[in-house]
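Quantities reported herein were computed from a predicted structural model and do not represent experimental measurements.
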Amino acid sequence: QVQLVESGGGLVQAGGSLRLSCAASGRTFSNYAMGWFRQAPGKEREFVAAINWSSPSTYYADSVKGRFTISRDNAKNTVYLQMNSLKPEDTAVYYCAVLIRGTWSVPLIRNRYNYDYWGQGTQVTVSS
């Protein structure tokens, strides 16, 4: 089993910044990816960003490209999501997830059903 714990959410004004963290514990894997998804009220959970744990590969949804940055600290088994220039439409519960099967590809990492473990989520609210 893998446990994922997110932190760093909160309330921020439009244009502000937040940094989310996701700490992983339990099983370890030699080659996997971690992703961030978000879900706003009444909407489906959507892909935000992903990072390959064993290479520099990252990928972002168009809606956050240029504003969000995903990064990792292998020693701490932690992935981060730096969110800048936040907008009210970024308001959602943000989830991190681990994908342990398959080879890195955009179709694979964008699909939430391919992820094996999920955190409990952290609320991000951006006021206008």
Side-chain angles (χ1 to χ4, degrees):
Q1 289 292 332
V2 174
Q3 292 78 43
L4 302 173
V5 178
E6 300 104 332
S7 61
L11 173 64
V12 64
Q13 289 188 333
S17 299
L18 283 174
R19 188 177 82 153
L20 306 183
S21 300
C22 175
S25 62
R27 286 183 61 184
T28 58
F29 307 95
S30 60
N31 186 18
Y32 60 98
M34 292 191 72
W36 285 97
F37 290 76
R38 66 186 182 186
Q39 188 166 18
K43 295 187 177 182
E44 290 193 356
R45 192 169 299 188
E46 65 174 3
F47 172 81
V48 175
I51 188 165
N52 190 321
W53 208 252
S54 58
S55 81
S57 299
T58 58
Y59 185 77
Y60 298 90
D62 288 343
S63 58
V64 307
K65 199 175 297 183
R67 300 188 297 124
F68 292 10
T69 302
I70 189 170
S71 62
R72 66 178 192 258
D73 185 330
N74 292 34
K76 296 181 178 179
N77 285 332
T78 300
V79 64
Y80 304 97
L81 186 68
Q82 177 67 43
M83 305 186 295
N84 299 328
S85 302
L86 282 162
K87 306 175 181 179
E89 51 263 44
D90 294 318
T91 295
V93 177
Y94 283 70
Y95 300 89
C96 70
V98 173
L99 186 156
I100 62 173
R101 298 167 293 175
T103 302
W104 175 276
S105 69
V106 170
L108 181 75
I109 61 171
R110 286 185 62 93
N111 187 337
R112 66 183 187 269
Y113 297 108
N114 291 328
Y115 286 76
D116 302 280
Y117 300 96
W118 291 84
Q120 81 288 352
T122 184
Q123 177 70 47
V124 171
T125 303
V126 184
S127 63
S128 57

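When atom types are taken as modelled, the side chain of Tyr115 and the backbone of Met34 share no donor-acceptor pair closer than 3.5 angstrom. Not one N or O on the side chain of Arg72 forms a donor-acceptor pair closer than 3.5 Å with the backbone of Ser54. Of the possible donor and acceptor atoms, one in the side chain of Tyr60 sits under 3.5 Å from a partner among the backbone N and O of Ile70.
Sorted by first and then second residue, the ring-ring contact (aromatic ring centres under 6.0 Å, His included) pairs involving residues 67-98 (not counting sequence neighbours) form an empty list. Here salt bridge (charged side-chain N to carboxylate O under 4.0 Å, His left out) pairs that include residues 113-128, with residues two or more places apart or in two chains, are Arg101-Asp116. Applying the salt bridge (charged side-chain N to carboxylate O under 4.0 Å, His left out) test to pairs two or more places apart or on separate chains, those with a residue in residues 53-63 are Asp62-Lys65. Evaluation of the disulfide bond (SG atoms under 2.5 Å apart) test over residues 32-61, restricted to residues two or more places apart or in two chains, returns none. Note on residues 50-61: no pairs pass salt bridge (charged side-chain N to carboxylate O under 4.0 Å, His left out), not counting sequence neighbours.
The side-chain hydrogen bond (donor to acceptor under 3.5 Å, both in side chains) check on Asn77 picks up nothing, with sequence neighbours excluded. Judged as a ring-ring contact (aromatic ring centres under 6.0 Å, His included), and not counting sequence neighbours, the contacts of Tyr59 are Phe47. Remark: Arg112 engages no residue in a side-chain hydrogen bond (donor to acceptor under 3.5 Å, both in side chains) (not counting sequence neighbours). Shown here are the side chain to side chain contact (heavy atoms under 4.5 Å, CB included) partners of Ser25, two or more places apart in sequence or in another chain: Gln3. Scored by the side-chain hydrogen bond (donor to acceptor under 3.5 Å, both in side chains) test, Gln120 finds Glu6 as partners (sequence neighbours excluded). Residues satisfying the side-chain hydrogen bond (donor to acceptor under 3.5 Å, both in side chains) test with Arg45, not counting sequence neighbours, are Gln39.
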All N/O donor-acceptor pairs, side-chain side in residues 11-22, below 3.5 Å, sequence neighbours left out:
residue: Ser17; atom: OG; partner: Asn84; partner atom: OD1; Å: 2.9

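Tracing side-chain contacts under 4.5 Å through hydrophobic residues (I, L, V, M, F, W, Y), one reaches Val106 starting from Phe37; they form part of the same cluster.
Note that OH of Tyr113 is 14.5 Å distant from CG of Leu99, once rounded to the nearest 0.5 Å. The line from CG of Leu108 to CG of Asn114 is 4.5 Å long, rounded to the nearest 0.5 Å.
Side-chain contact between Arg38 and Leu81 is absent, with no heavy atoms from C-beta onward closer than 4.5 Å. Met83 places none of its side-chain heavy atoms less than 4.5 Å from the side chain of Asp90. Within the 4.5 Å cutoff, side-chain heavy atoms of Trp53 are placed close to those of Val79. The closest side-chain heavy-atom distance from Gln123 to Thr91 is below 4.5 Å.
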